[in-house]
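Quick note on labels: first sequence line is chain A, next is B, and so on, each numbered from 1.
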Number of protein chains: 2
Amino acid sequence: MVTLAEVARHAGVSASTVSYVISGKRAISAGTRERVRRSIRELGYHPHAGARALAGSRSHIIALMVPLRTELYVPVMMEIAVTVARAARTHGYDVLLLTGEEEPDAVRRVVGSNLAEAMIVMDVALDDRRLELLRSVDRPSVLVGIPADAAGLTCVDLDFYATGAVCVEHLAGLGHREIAVVGEAAAVYERRTGFAERTLAGIRERAGQLGVRMLHRPCEGGYEGVSAVLSRILDERPGTTGLVVQNEAAVEPLLAVLRQRGRAVPEDVSVVAVCPEEVATQGSVRLTSVAVPAQELGRQAVEALMARLAGRPAGEVLLLPPSLTVRDSSGPAPAAGV
Amino acid sequence: MVTLAEVARHAGVSASTVSYVISGKRAISAGTRERVRRSIRELGYHPHAGARALAGSRSHIIALMVPLRTELYVPVMMEIAVTVARAARTHGYDVLLLTGEEEPDAVRRVVGSNLAEAMIVMDVALDDRRLELLRSVDRPSVLVGIPADAAGLTCVDLDFYATGAVCVEHLAGLGHREIAVVGEAAAVYERRTGFAERTLAGIRERAGQLGVRMLHRPCEGGYEGVSAVLSRILDERPGTTGLVVQNEAAVEPLLAVLRQRGRAVPEDVSVVAVCPEEVATQGSVRLTSVAVPAQELGRQAVEALMARLAGRPAGEVLLLPPSLTVRDSSGPAPAAGV
DNA sequence: ATGAAAGCGCTAACAT
DNA sequence: ATGTTAGCGCTTTCAT
């Protein structure tokens, strides 16, 4: 293995000089710097990560905690994870993948062992059991998602409250007066996932303000679930002309079931989805939707974490504004009574 | 930070004793061991990862290279990745997440810096440009996927050749004499992805042996693509009664398009899919399918890697046997001429 | 602008 | 069965 000392010898300088050339922490004459850089290149030198972490007490690693229960919004999570890794690299950091289940122990372990300098936590519940620990461990962290009590925590998320509101505004603007929300699976609400509740709150509130009637029903993905939920909705509120869907796994079944029942989209019923762009654009109908900006979330999470590592205090909450794209699934409300 | 030395003092033993209690590399009297363990617990000691790596030249970290182009079979990749992380932990290893794009440099970096002891590479192409590097770097690696030339490499994968054969056998057994393969997107074949080609080869060969006519058409995901491909297939071979689908993103659209054309499944046409269980069971039709065993692949990849780290030589290729589950999408071929 | 040298916390010979 | 000790390769004072 090529060591710093070997590089130093090869370049005819001291070890500390090589170290400083690499870190840039003190002025080095142009000549020396070049000589050292050449030696590094020629010898194919890579600083020993462990030694670096030991001497400098910085591992250049951040931990990424991915959710316990996958299956749901997997593609979004994957995209965030990959983006985080990419973005971290641009700051000289590598990413350690922690899976949900080990949970509190995993945090203690990577922190206690100085393996990770900081961490990004995905899939945060409103009353997440990890919060206390995160607040206590004296290592910067950034949550993707917003818990009920975000005091002392740095968070990044799509503004789901505004997202809900925007969906209602769009439908109301098209003349819809009765809408229904085909929600996430019941389990998602049970574990008090912030984004689901916030979206719903945004919808409910704006609906109230705009005089739009609204009904919410949780919904499992898959055809049977969607079919059942849609039946209930149309039974209770036959006048429903606008649908908001958040559950990715319900989007395609929903369209199929509507088709099957002879309900034309968007002539009879308009659909607005909250989902990744691919789902909105690659389905059987190009959906009017608010995109979940996975990449932007990943990037912002890393930026926020780097700021924390650089000394910026915790507590910031960054909400990305939603952006609704009109496509083919929404249109004017059908004339009443028709 | 709590150090080994502090634990040693607290337990009234020497540093090396503590180290050996932890590593189990030499016999320690039960009494001493217990005392040390208690001290470790009471002080909340965690060995410093960097120091451990430096002194022991083992980082207890493996690298996981995830694919460059995601989007495709994302859920499978995610499941493998998470399983790898989980399985690695049971061996005392953490997982470093490397994204495709940095590629050869990333390998050199984590190897050169002794950050990772070994690596798992996903999404391997038949003529992958990473292979040469992997063979040269003198660090164990395991590929998930099988390149054209696997000499000197350890690989794990579903036996896609057998998978293709099994699909044909199933259809042939039901009396189907003319089948078509709705394949992966053209890009997948262009980059010479092993699993796609192998599946096709398996289908083609067994079809030949069993006297089944077969036609293959690459297919993009989404409705338009599927619709176009299906038209071409039925134009060219109106007698087609069996369909094999490998592209996850084509499965649901395919069923919708068939429905739309009035082709009943499985009465008029049987469908066999190669996809994750969730896709097979949660769609509009419960599909007869060969599951891609993501978790098993992740686990086996880790086991193979641990074996390599323990000294087992490279070169093994582990093919998981396919298992076809009959569900509602396949049935007897319709009587000819009807 | 550069060098010398003292650790960082641990492992693994080498003792006994 | 346990203790002593010499590094592992780097960062960072402290010197000059």
Side-chain angles (χ1 to χ4, degrees), chain A residues 1-37 39-40 43-61 92 94 109-117 309, chain B residues 1-37 39-40 43-61 92 94 109-117 309:
Chain A
M1 200 210 166
V2 186
T3 68
L4 227 205
E6 297 180 65
V7 174
R9 203 175 320 129
H10 186 272
V13 297
S14 75
S16 59
T17 296
V18 175
S19 177
Y20 284 120
V21 164
I22 292 172
S23 70
K25 285 186 181 171
R26 85 176 175 192
I28 302 282
S29 71
T32 311
R33 187 170 38 233
E34 269 327 302
R35 220 151 9 96
V36 171
R37 291 226 173 105
S39 297
I40 288 177
L43 300 180
Y45 169 72
H46 288 276
H48 187 291
R52 215 151 80 109
L54 178 57
S57 53
R58 296 190 39 201
S59 65
H60 297 272
I61 289 178
D94 270 297
R109 187 170 55 80
V110 299
V111 164
S113 66
N114 273 279
L115 221 194
E117 292 177 39
L309 282 169
Chain B
M1 203 211 163
V2 186
T3 69
L4 226 204
E6 298 181 61
V7 174
R9 203 175 319 128
H10 185 273
V13 298
S14 75
S16 62
T17 296
V18 177
S19 177
Y20 283 121
V21 165
I22 293 174
S23 70
K25 286 187 180 170
R26 85 176 175 192
I28 302 283
S29 69
T32 312
R33 187 171 39 231
E34 269 328 301
R35 226 161 354 108
V36 170
R37 291 225 173 106
S39 297
I40 289 177
L43 300 179
Y45 169 72
H46 288 275
H48 187 292
R52 215 150 81 108
L54 178 57
S57 53
R58 296 190 40 200
S59 65
H60 297 272
I61 289 178
D94 270 297
R109 186 169 56 79
V110 298
V111 165
S113 66
N114 272 280
L115 221 194
E117 291 177 41
L309 282 169

K.L.:
Are any side-chain N or O atoms of A:R33 and backbone N or O atoms of A:I28, one a donor and one an acceptor, separated by less than 3.5 Å?
P.N.:
yes

K.L.:
What is the bend of the helix from C:dA1-D:dT16 to C:dT16-D:dA1 when you compare the axis at one end with the axis at the other, using five pairs each and rounding to 10°?
P.N.:
30°

K.L.:
Within the structure provided, determine whether B:I22 and B:I40 are in side-chain contact (heavy-atom separation under 4.5 Å).
P.N.:
yes

K.L.:
Side-chain donor-acceptor contacts of residues 3-12 of chain B below 3.5 Å, not counting sequence neighbours, with atom names and distances?
P.N.:
residue, atom, partner, partner atom, Å
B:T3, OG1, B:A5, N, 3.4
B:T3, OG1, B:E6, N, 3.3
B:E6, OE2, B:T3, N, 3.2
B:H10, ND1, B:S39, OG, 2.8

K.L.:
Assign a letter to each nucleotide of nucleotides 6-13 of chain C from its 5' end: B, base within under 4.0 Å of a protein heavy atom; S, sugar-phosphate only; -, no contact.
P.N.:
-BBBBBBB

K.L.:
Going by side-chain hydrogen bond (donor to acceptor under 3.5 Å, both in side chains), name the residues that satisfy it together with A:S113, two or more places apart in sequence or in a different chain.
P.N.:
none

K.L.:
Can you name the residues that form a salt bridge (charged side-chain N to carboxylate O under 4.0 Å, His left out) with A:R37, not counting sequence neighbours?
P.N.:
A:E34

K.L.:
Applying side-chain contact (heavy atoms from CB on, under 4.5 Å), can you list everything that pairs with A:S29, at least two apart in sequence or on another chain?
P.N.:
A:T32

K.L.:
What pair of heavy atoms forms the shortest contact from A:G112 to B:M1, and how long is it?
P.N.:
O-CE, 3.5 Å

K.L.:
Chain B on DNA chain D: first and last contacting nucleotide, 5' to 3', under 4.0 Å to a heavy atom?
P.N.:
D:dA1 to D:dG9

K.L.:
Show me the side-chain donor-acceptor pairs of residues 50-60 of chain A shorter than 3.5 Å, one per line, residues at least two apart or across chains.
P.N.:
residue, atom, partner, partner atom, Å
A:R58, NH2, A:Y93, OH, 2.9
A:S59, OG, A:I61, N, 3.2
A:S59, OG, A:L115, O, 2.7

K.L.:
Which residues satisfy the salt bridge (charged side-chain N to carboxylate O under 4.0 Å, His left out) test with B:R109, sequence neighbours excluded?
P.N.:
A:D94, B:E102

K.L.:
Which residues satisfy the ring pair (Phe, Tyr, Trp, His ring centres under 6.0 Å) test with A:H46, sequence neighbours excluded?
P.N.:
none

